[in-house]
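All chains are named by letter (A, B, ...) in the order of the sequence lines, taking the proteins before the strands, and each is independently numbered beginning at 1. Quick caveat: nothing in here was measured; it's all calculated off a predicted structure.
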Amino acid sequence: MAEINSKIPQGPLAEKWTNYKAHQKLVNPANKRRLDIIVVGTGLAGASAAASLAEMGFNVLNFCIQDSPRRAHSIAAQGGINAAKNYQNDGDSVYRLFYDTIKGGDYRAREANVYRLAEVSNNIIDQCVAQGVPFAREYGGLLDNRSFGGAQVSRTFYARGQTGQQLLLGAYSALSRQIGKGKVKMYNRHEMLDVVIIDGRARGIITRNLITGKIERYAAHAVVVATGGYVNTFFLSTNAMASNGSAAWQCYKKGAYFANPCMVQIHPTCIPVKGDFQSKLTLMSESLRNDGRIWVPKKLEDAKALQAGTKKGKDIPEEDRDYYLERRYPAFGNLVPRDVASRAAKERCDAGYGVNNTGRAVFLDFSEAIGRLGKEVVKQKYGNLFDMYEEITDDNPYETPMMIYPALHYSMGGLWVDYELMTSIPGLFAIGEANFSDHGANRLGASALMQGLADGYFVLPYTIQNYLSDQIQVPRFSTDLPEFDAAEKAIKERINKLMSIKGKETVDSIHKRLGHIMWEHIGMARDEKGLQEAIKMLKDLKKEFWSNVFIPGSGDDQNTELEKALRVADFLEIGELMARDALNRAESCGGHFRVEHQTEEGEALRHDDKFMYVACWEYQGEDKDPVLLKEDLNYQFVTPQTRNYKK
Amino acid sequence: MWLLNSSIGRKLIMSISGLFLILFLLFHLCMNIAAVFSGEAYNMVCELLGTNWYALVGTLVLAAGVVVHFVYAIMLTLQNRRARGADRYATSARPKGVEWASQNMFVLGVIVILGLILHLTHFWANMMLAELAGVHGEIAPTDGAAFINFYFQGNIVNTVLYLIWFAALWFHLTHGFWSAIQTLGWNNNIWLSRWECISKWVATIICGLFAIVTIIFYLNGVGA
Amino acid sequence: MDKDIKVTLKVWRQKGPKAKGQFETYPMEIHQSVSFLEMLDILNERLVKEGKEPIVFDHDCREGICGMCSLYVNGHPHGPATGATTCQLYMRRFHDGETITIEPWRSAGFPVIRDLMVDRSAYDKIMQAGGFVSVNTGGVPDANAIPIPKKDADLAMDAAACIGCGACAAACKNGSAMLFVSAKVSQLALLPQGRVEAARRAKAMVAKMDELGFGNCTNTRACEMECPKNISVSNIARLNREFLKAKLKD
């Protein structure tokens, strides 16, 4: 069995990163020019990494599947970005941000990584302001903060409800500058289909040009995967339509470990599902929980009336409302972390207290906030979100309470990386949501932006040099090497096979069925029997997909159905690995909730003695069970405790 | 040269030449109003603007203004058509808040130019040009008031043509004035609607008074 | 209340950039609570089942922020709703029996790739010419080192809300990209961090815009009225100001 080496530097927690930087190997400027780096993805992590690496002098080849790097799904993040600036003088510090993140992650993340994340968080804010990101400000001209779930300080920087957009446009502008200078070669509408390994190192990728359908080859000294998460496995999620796990999955199939795949985040405040036609779910920013109060009726008959449509939310008197988060978690109230809030909503709805026709929704009520702050202030703070809600649901949230329900949102799991963000394949790096590193079993709000930019601006540009420093003598690779031939051939065969099935099912219909299995069995609550069933069902569905899918058009031309099919083929396998991982982890922690493992009060019950590790899955081949490797998590600086948001 | 080969430079030329022409219109309007009250006063101004060097230079500058404004308009319109692409929308709908005039400036401008040509044959050709050439008919080239009476008093065709001309000019100015200010960059969130309002007033004052004066000439001729 | 309606879709189909396109007509029965793009998904599902090629259109986030969706619906970029992208359009905007015409963006700057998908890389090129603050990663001052008046920060944010979808050029009868360019120039000119190279930026971005064949702005305001993010034309005034100032200083 392979040894897992996370390469965590020695020394006290607060000095690890400083020490690492002081002693790592660097590449001198003249040599940087001789080295090529492929960066796949242009979200916060990808764009910031591509820009920063190019600024340093490396030649960067950057790929994205959209028509422009500015459209990566980081752009949709609404709420904000955390940093330990302590501008509010409310007791924040690097340590506290570190501690909150570790605790929020239910003690399943690496201490050293998380501390580094908290450390560089402040640089991110400085960098973004210097780029011209228009963060919200106070009248005095200084930066404003808001509070977010899982924290007792106000450390979240924001730009209206469009923080992700503004940060991404900041990174995109830095990237654009490098493209203009010719240091980054940008490939839009290209999808990575495989990573090419030469002598055990990642040396290139194979892509499909989404406009011409042509399979193309690119070589470089190192490959960085920044392709985001895989929660579109569930079909319905808050991710963009094209978000997929295929790039990471190809890395896994070439030998990179996939870590904690079962750890996905279900976001508590999304607009509930309406019908079968629904293509994606819309998130309502977590910031709404600052002023909105979540409730369901106390009486079952009221819930029944709401479900039947004979009563409206405002018809239920105050004393008959159950503000269940405030009741269960008095200290954090409506601002408990996402996993806790989501599970509490599911618990109420399962008990029959759901408030819409499907019984799968709870109220998020602003009437108290409107009374306290006035309609104008509420409008200023959340107006755009309220408008969006009304456009989608035809309900006016100023008058009737919003309805929300949890939805798939983020994957904490991903490609395993060491402290240097390198996967188990030398020369292959993974950053941002694509890796597993910093959020443990649950991510706190406003931490995804922080992690993506930390990896791209301030971590990878250092650590990649440690790898590249002995590569300066390595000449550029030809894409005519047999390894490229083999990779391209395999992809073409896969595409031909898909095109030749000519079955009866559309890609989407299979994807929807996949999503259904995922949501029912590997969703917010999981149990052993369900997971075992799910694995079987997923195997069957995969078989059906490969024998009965229908894709019109041609494989060598633009073909949106083929694009989807290639992704769904991988989602089917990712789903299975998620189920396998969820089955293995016989405990509840963060976003992973096994019903067999809960306290009497229904809270998550961890088993630190058995599962204090990162589950790393190693691919063994088609139709062979993957092997589980464990990276033990040694908590040296904080003592894992039961997460308590009650007091 | 950035005035020629940058889009904002070309627009600046349109803006400045347009504002210059508006200034001239205001001056011309004053003359016409004078004619309502006194033909003599009007003729005094006409004499002042006869064949002397400053009037000639003024005329040339003015003509240059019109030519530049017109030539640039053609240039911009052609470029803009090209920028629109070969394929056109099958459906189009003018969004709320978009003035009709703003999308038809070239057509309006062409009507204004046609009116101008008519106007020049009526007056300038008979007056300054005739004087320069030394040929004239029954009315002396310096007797502007007589020309007004000749062309307008009781002449319904000319009067209606002129009124159409002023209407086109009104539409042209409502957008033109505002647009010129916007092109100069003299605008912000607050002044946006103010300038639009001022623009309508400027157009209405200029074209309205021209029209009233014309109707008075039709009914009464120039003032005694 | 939302109900089922029957509509007729007239959709532009075009095989490739050089191919000749034409409208094709598809009858649809649809519930009004379905989003416009979901309706196209349903239609595509039907086409695939019939063995036909689905309609190609750009879309991604489906929550109005990525700027990818780009349909010209019944004479309006992003359809009849104001301040919304195509993906935020719901069928309750349409009535029973309506004919809905769907076209791609039409502008020389945005050539059609296939069906309703166009190439908007010109906007990227304009950004590459100067839509940035020239700072490298690291070595920047503390975020609170330069106070910025809230009013300026808010105005900058108004401009920065642009999603680069191209509706402005698509709506403009002159195929002008001024609103897009002005939004970025304004955002950065309003902030002290971007002020330093404001003159250079305005010149470079306008030059690139002109070079790429976009038209001349004639201030019709159609861009502003159709912008899904309500970007104001006062940004165009600011761009004019910045550009003229820069040129006069030269």
Could you pull out the closest heavy-atom pair between [X] and [Y], with the gap in Å?
| X | Y | result |
| --- | --- | --- |
| L169(A) | C162(C) | CD1-O, 4.0 Å |
| V56(C) | Q558(A) | CG1-NE2, 3.8 Å |
| E45(C) | D508(A) | OE1-CB, 3.5 Å |
| A242(A) | D60(C) | N-OD1, 2.9 Å |
| Y123(C) | Y172(A) | O-OH, 4.4 Å |
| I65(C) | I75(A) | CG1-O, 3.5 Å |

Contact part of S509(A) toward chain C, heavy-atom cut-off under 4.5 Å: side chain, backbone, both or neither?
-> both
Could you tell me whether the side chain of [X] and the main chain of [Y] form a donor-acceptor pair under 3.5 Å?
| X | Y | answer |
| --- | --- | --- |
| K150(C) | G140(A) | no |
| R92(C) | I392(A) | yes |
| R70(A) | G67(C) | no |
| R177(A) | V135(C) | yes |
| D394(A) | D2(C) | no |
| R160(A) | A161(C) | no |

Answer yes or no: is there a side-chain heavy-atom contact under 4.5 Å between [X] and [Y]?
| X | Y | value |
| --- | --- | --- |
| S68(A) | S121(C) | no |
| C66(C) | Q66(A) | no |
| M241(A) | M68(C) | no |
| D41(C) | F277(A) | no |

Look at E63(C) together with K280(A) and state whether they make a salt bridge at an N to O cut-off of under 4.0 Å.
-> yes
Inspect the contact between E391(A) and R93(C) and indicate whether a charged nitrogen and a carboxylate oxygen are less than 4.0 angstrom apart.
->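 Yes, R93(C) and E391(A) are salt-bridged.
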Counting only heavy atoms closer than 4.5 Å, note whether [X] contacts chain A via side chain, backbone, both or neither.
| X | result |
| --- | --- |
| A145(C) | neither |
| S35(C) | neither |
| M117(C) | side chain |
| A153(C) | both |
| Q187(C) | side chain |
| I148(C) | both |
| K52(C) | backbone |
| N230(C) | neither |

Under 4.5 Å, heavy atom to heavy atom, which residues of residues 190-209 of chain C contact chain A?
->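 The residues closer than 4.5 Å to chain A, in numerical order, are L191(C), Q193(C).
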Pick from D154(C), V140(C), D124(C), V133(C): which one has the most heavy-atom pairs with chain A under 4.5 Å?
-> D124(C)
Any residue of residues 180-189 of chain A which, by heavy atoms, sits under 4.5 Å from chain C = G180(A), N188(A), R189(A)
Assess the side chains of T137(C) and E55(A): does a donor N or O sit below 3.5 Å from an acceptor N or O?
->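 Yes.
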In residues 120-128 of chain A, what donor-acceptor pairs under 3.5 Å come from side-chain atoms, sequence neighbours left out?
| from | atom 1 | to | atom 2 | distance (Å) |
| --- | --- | --- | --- | --- |
| S121(A) | OG | A84(A) | N | 3.2 |
| S121(A) | OG | A118(A) | O | 2.7 |
| N122(A) | OD1 | A84(A) | N | 3.0 |
| N122(A) | OD1 | K85(A) | N | 3.1 |
| N122(A) | ND2 | A84(A) | O | 3.4 |
| D126(A) | OD1 | K85(A) | NZ | 2.5 |
| D126(A) | OD1 | A143(C) | N | 2.8 |
| D126(A) | OD2 | K85(A) | NZ | 3.3 |
| Q127(A) | OE1 | G138(C) | N | 2.8 |
| Q127(A) | NE2 | N136(C) | O | 3.2 |

Identify, with sequence neighbours excluded, every residue that meets side-chain contact (heavy atoms from CB on, under 4.5 Å) alongside K15(C).
->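 In terms of side-chain contact (heavy atoms from CB on, under 4.5 Å), with neighbours along the sequence ignored, K15(C) is linked to A19(C), E53(C).
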